[in-house]
Amino acid sequence: MKHALSTTRTQNFADWYQEVIAEADLAEESGVRGCMVIRPWGYGIWERIQKLMDAQIKMAGVENCYFPLFIPLSFFEKEADHVEGFAKEMAVVTHHRLKSINGKLTPDPDSKLEEPLVVRPTSETVIGAAMSRWIQSWRDLPMLTNQWANVVRWEMRTRMFLRTSEFLWQEGHTAHADKAEAMAETLRALEMYRAFAEGPLAMPVVAGEKPENERFPGADATYSIEAMMQDGKALQAGTSHYLGTTFAEAAGIRYQDKDGGLQLCHTTSWGVSTRMIGGVIMVHGDDDGLRCPPQIAPQQIVIVPMLRDNDEDAAVIDYARALASELRGLTAFGEPVRVLLDTKAIKASNKRWAWVKKGAPLIVEVGPRDVAGGNVAVIRRDRLYTADGKLSSAITARGDFVAAASATLDDIQSSLYSEAKARLEAGIRRDVTDLAAHYAGDEKIVGWVEVQWARPTGDALDAIVQQLKTLKITMRNAPLDAAPADGPCFFTGEPAVERILIGRTY
RNA sequence: CGGGGAGUGGCGCAGCCUGGUAGCGCAUCUGUUUUGGGAACAGAGGGUCGCAGGUUCGAAUCCUGUCUCCCCGACCA
């Protein structure tokens with residue numbers, strides 16, 4: 001069967017991934033290492049994510065604010081683990097002026113900064129400094145803030161959307177009176193992410209706690225949502241951290257309690273990034289490109305008029321316009337339906353394939369015959385082909401299509417989810433006794449393994465991590481909704497305390 | 001950051017070894033004929049060969065440096 005992309009997922013998943021990004025006009029290289037240009041269709045998806053996530057964040061009583069891109073180096077020196085975690089990947093600004101020296105623009109040696117500025121890799125330190133000013137009394141708590149921003153981490157190896165040097169994200173930072181409240185907030189954010197991934201992104205995930213060795217630098221506990229890509233690898237799609245009093249100590253975030261005593265705050269931080277878009281591609285994409293879940297599709301219904309450069313065109317355009325405005329009057333997922341009438345002057349069949357590659361959920365073709373018959377030809381992106389391998393275009397009465405459009409979008413959203421959910425469940429094995437045999441070879445799609453373990457720490461944990469490393473696998477998280485442990489630790493034989501997922505990862 | 005591969009019109013590539021006017025396919029533009037399952041023919045436009053030095057009468061080609069991308073490793077909220 002002929003497909004829209006030249007590389008299929010089974011041929012070469014990595015090449016396929018890059019081809020989807022290029023062919024769906026999501027992003028392109030920028031000429032700067034690890035940085036990408038996010039094109040309108042890709043950014044449109046991010047805007048959808050922002051809009052829906054922002055509403056969730058606000059609903060939780062968290063307020064948006066904005067902190068500077070530049071962070072004084074000294075801020076990082078206040079917290080040892082945090083510096084160590086980020087020191088190797090920070091971009092540093094050392095000068096504030098350029099000068100032409102021998103015809104070459106060079107940082108002016110005379111403009112060296114007294115104190116170098118770090119381009120934020122994350123904002124715990126600056127926001128902590130602000131919170132120490134904002135919080136005086138128990139009445140100021142909880143302090144719930146969030147910012148939408150770009151951050152820079154000088155990564156050794158980059159991949160579009162999955163790991164870029166600069167990326168866009170949302171970082172929530174909260175301060176609380178005690179551990180219980182902070183932990184509740186940490187888990188609230190995690191649950192918000194789980195629901196967001198499984199709702200708007202139609203991307204099933206496993207929410208759980210990261211093992212000690214995978215924690216955020218400076219955190220007491222780190223939680224994540226992990227999604228399974230179609231090649232069986234795990235993608236950490238969101239994280240939430242309980243930071244204890246570590247950052248409160250470093251930044252002096254204290255409050256006076258009801259008894260007049262001075263207490264340290266317990267803080268949290270949590271974030272999701274443009275990496276989610278990479279996850280959507282690898283969870284929902286097929287050999288014809290992206291399949292964009294309707295809730296995050298910049299356009300949900302694209303109308304392609306079959307224009308032939310003759311006097312029938314006017315009637316077709318009128319019909320298409322009327323259809324578009326009728327559809328725009330509908331709601332789906334509680335919002336007005338997003339409809340694009342694509343009047344670009346290119347051949348309709350090429351236009352159709354361009355939208356297939358971009359993953360528009362519904363592509364509606366209207367031509368003279370439809371105008372005459374009062375029909376539309378409907379292509380569902382999640383069911384592109386008929387059983388015998390032909391493109392599935394259903395001639396439908398216009399009124400019937402309009403009446404069902406919202407429900408159809410809903411159905412596409414849930415069918416994408418169901419398909420991915422089935423794959424995730426089938427991809428987790430709980431009966432594996434020999435990891436080395438299970439993960440032998442690089443080509444197989446092997447998914448994840450869940451084992452019981454005693455949650456060792458220190459050297460014992462290091463030994464396990466090293467053992468897994470030889471198999472190129474890591475511990476993902478200990479699922480919060482897993483069955484209680486009831487056997488021996490997979491690694492040590494001691495009584496297990498929880499179950500943990502293991503797999504290859506992005 | 002170490003090892004390997006690669007950078008030549010928008011995309012995919014040839015040319016490089018053995019230096020001598022920069023080519024092919026797709027895409028684009030114009031025209032004609034077409035048109036409901038990725039149209040055909042004819043003509044046309046578009047590249048200082050990633051960038052910077054060097055060797056040479058002459059460099060896409062040889063040498064040095066550098067940037068970017070891909071794969072493997074190390075690293076990685």
Side-chain angles (χ1 to χ4, degrees), chain A residues 1-7 12-15 17-19 22-23 25 28-36 81-82 84-90 103-104 120-124 151-160 162-165 167 169 171 210 213-219 222-224 236-241 243 269-273 275 288 304-310 312-313 316 345-357 363-373 375-379 384-386 389-395 442 469-470 472 474 505-506:
Chain A
M1 196 192 306
K2 187 186 176 185
H3 284 288
L5 302 184
S6 61
T7 309
N12 187 329
F13 198 78
D15 284 355
Y17 176 73
Q18 288 173 171
E19 196 176 338
E23 292 293 320
D25 293 341
E28 62 186 18
E29 280 153 24
S30 65
V32 178
R33 182 186 167 79
C35 296
M36 60 179 179
D81 289 340
H82 197 56
E84 200 181 326
F86 285 106
K88 284 165 288 185
E89 49 183 49
M90 295 213 263
K104 282 213 152 181
R120 67 174 160 233
T122 179
S123 303
E124 274 76 5
V151 287
V152 168
R153 298 178 186 179
W154 214 262
E155 300 290 351
M156 290 292 101
R157 193 172 171 186
T158 60
R159 281 168 186 273
M160 290 235 192
L162 302 178
R163 178 170 286 107
T164 44
S165 297
F167 57 92
W169 77 346
E171 48 178 324
K210 286 284 195 187
N213 61 304
E214 299 268 348
R215 272 182 204 148
F216 175 72
T222 287
Y223 297 83
S224 71
Q236 181 176 310
T239 50
S240 183
H241 316 288
L243 303 172
S269 68
W270 28 274
V272 296
S273 70
R275 173 184 276 187
D288 293 290
V304 176
M306 312 293 286
L307 303 177
R308 296 196 284 189
D309 227 9
N310 61 24
E312 287 174 322
D313 285 1
V316 172
I346 57 174
K347 207 167 147 59
S349 53
N350 292 324
K351 208 181 282 187
R352 170 177 57 228
W353 285 103
W355 286 111
V356 165
K357 288 189 281 191
I363 302 167
V364 181
E365 298 178 345
V366 296
R369 292 214 294 270
D370 301 304
V371 175
N375 296 320
V376 292
V378 183
I379 297 169
L384 250 200
Y385 297 101
T386 57
K390 295 214 170 88
L391 188 67
S392 174
S393 179
I395 308 296
D442 283 335
K469 197 173 184 175
T470 62
K472 293 192 255 186
T474 55
T505 183
Y506 275 97

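Note: hydrogens, waters and symmetry copies are ignored here, and every other heavy atom, side chains too, is used. This one's a predicted model, so the numbers in the text were calculated from it and none came from an experiment. Every chain is numbered from 1 and lettered A, B, ... according to where its sequence line falls, protein lines coming before strand lines.
- Closest contact between the side chain of A:Met156 and the listed nucleotides B:C1, B:C71, B:G36 involves B:C1.
- Within 4.0 Å (heavy atoms only), A:Arg159 reaches sugar-phosphate atoms of the nucleic acid but no base atom.
- Nearest heavy atom pair, residue A:Thr122 against residue A:Val151, reads N-CG1, 4.2 Å.
- Base pairing annotation: B:C24 forms a Watson-Crick or G-U wobble pair with B:G12, both donor-acceptor distances under 3.5 Å.
- One C1' atom belongs to B:C26, the other to B:U68, and the distance between them is 25 Å to the nearest Å.
- Note on A:Pro217: only backbone sugar-phosphate atoms sit closer than 4.0 angstrom, heavy atoms only; bases stay farther off.
- As rounded to whole Å, 15 Å separates atom C1' of B:G36 from atom NZ of A:Lys390.
- A donor and an acceptor atom, one from each side chain of A:Glu19 and A:Ser6, are located under 3.5 Å apart.
- Using P as the reference atom, B:A42 and B:C24 are 15 Å apart when rounded to the nearest Å.
- Across all strands shown, A:Gly373 has no heavy atoms under 4.0 Å from either base or sugar-phosphate atoms.
- A:Arg33 has a side-chain polar atom (N or O) that falls below the 4.0 Å cut-off from OP1 or OP2 of B:C69.
- In this structure, A:Gln18 reaches the sugar-phosphate backbone alone: every heavy-atom distance under 4.0 Å involves primed, P, OP1 or OP2 atoms, never a base.
- Taking every side-chain heavy atom of A:Ile395 into account, B:G36 is the closest of B:G36, B:C71, B:C70.
- For A:Trp154, the CH2 atom sits in a loose shell: 12 or fewer heavy atoms of surrounding residues, nucleotides or ligands are nearer than 6.0 Å.
- Among the nucleotides B:C75, B:G73, B:G37, the one closest to the side chain of A:Lys88 is B:C75.
- Spacing between B:G12 and B:C69 at atom P, rounded to whole Å, works out to 15 Å.
- The neighbour count for A:Glu84 CD, taken as heavy atoms of other residues, nucleotides or ligands under 6.0 Å away, does not exceed 12.
- Across all strands shown, A:Tyr17 has no heavy atoms under 4.0 Å from either base or sugar-phosphate atoms.
- Checked against B:G73, B:G36, B:C76, the side chain of A:Lys472 finds its nearest nucleotide in B:G73.
- Summarising the geometry, the separation between CD on A:Glu23 and P on B:G12 is reported as 10 Å, rounded to the nearest angstrom.
- Ring-plane geometry between A:Phe216 and A:His241 is classed as parallel, the angle between the planes falling under 30 degrees on a 0 to 90 degree scale with a further cut at 60.
- Atom name C1', nucleotides B:U48 and B:C1: the rounded distance is 34 Å, in whole Å.
- Pairing for B:U61 is absent, with no Watson-Crick or G-U wobble pair whose two atom distances lie under 3.5 Å.
- A:Ser224 comes within contact range of no nucleotide atom at all, as no heavy-atom separation falls under 4.0 Å.
- Under the Watson-Crick or G-U wobble criterion, with both distances below 3.5 Å, B:U18 is left unpaired in every strand shown.
- One atom, CD of A:Glu29, and another, P of B:C70, lie 6 Å apart when rounded to the nearest Å.
- Side-chain atoms of A:Glu124 and A:Ser269 form a donor-acceptor pair, as typed in the model, at a separation below 3.5 Å.
- A:Ala4 comes within 4.0 angstrom of a nucleotide base, judged by non-hydrogen atoms across all strands.
- Taking side-chain N and O atoms only, A:Lys347 has no distance below 4.0 Å to OP1 or OP2 of B:G36.
- In this structure, A:Arg369 places its CZ atom 11 Å from C1' of B:U35, rounding to the nearest Å.
- The CD atom of A:Gln18 sits 7.0 Å away from atom CE of A:Met160, with the distance rounded to the nearest 0.5 Å.
- At a threshold of 4.0 angstrom between heavy atoms, the contacts of A:Gly367 include nucleobase atoms, whether or not backbone atoms are also involved.
- A sub-4.0 Å separation between OP1 or OP2 of B:A39 and a side-chain N or O of A:Ser349 is present.
- Spacing between B:A22 and B:G31 at atom P, rounded to whole Å, works out to 32 Å.
- With B:G38, B:G36, B:C76 as the candidates, the nucleotide lying closest to the side chain of A:Met306 is B:G36.
- When heavy atoms are screened at a 4.0 angstrom cut-off, A:Ala348 is found touching no nucleic acid atom at all.
- Both A:Val376 and A:Trp154 lie near RNA chain B, and the one whose nearest nucleotide falls closer to the 5' end is A:Val376.
- Judged by closest nucleotide on RNA chain B, A:Ala14 is the one of A:Thr505 and A:Ala14 placed further toward the 5' end.
- Comparing the P positions of B:C16 and B:G58 gives a spacing of 22 Å, expressed to the nearest Å.
- Here the separation of B:G46 from B:A52, taken at their P atoms, is 22 Å to the nearest Å.
- If you take CZ on A:Arg33 and OG1 on A:Thr158, they are separated by 5.5 Å, rounding to the nearest 0.5 Å.
- Considering only side-chain N and O atoms, A:Lys469 lies nowhere under 4.0 angstrom from the phosphate OP1 or OP2 of B:G73.
- Across all strands shown, B:C1 forms a Watson-Crick or G-U wobble pair, both distances under 3.5 Å, with B:G73.
- Between the CG atom of A:Asp15 and the P atom of B:C11 there is a distance of 16 Å, given to the nearest Å.
- Partner assigned to B:U68 is B:A6, using Watson-Crick or G-U wobble distances below 3.5 angstrom.
- Atom CZ of A:Arg157 and atom C1' of B:G73 are 8 Å apart (whole Å).
- Few gaps surround CG on A:Asn310; more than 12 heavy atoms of other groups in view lie less than 6.0 Å from it.
- Annotation: B:C72 and B:U66 have their C1' atoms spaced 23 Å apart (nearest Å).
- Within the shown strands, nothing qualifies as a pairing partner of B:U56 under the Watson-Crick or G-U definition with both distances less than 3.5 Å.
- B:G47 is unpaired under the criterion used here, namely a Watson-Crick or G-U wobble arrangement in which both key atom distances are under 3.5 Å.
- For the pair A:Asn350 CG and B:C26 C1', the computed distance is 12 Å after rounding to whole Å.
- Using a 4.0 Å cut-off, no side-chain N or O of A:Arg308 falls inside it from OP1 or OP2 of B:G36.
- Residue contacts for A:Ser393: at a heavy-atom cut-off of 4.0 Å it reaches a base atom on one of the strands shown.
- Spacing between atom NZ of A:Lys351 and atom P of B:G37 amounts to 16 Å, rounded to whole angstrom units.
- The base-pairing partner of B:G31, taking Watson-Crick or G-U wobble contacts with both distances under 3.5 Å, is B:C41.
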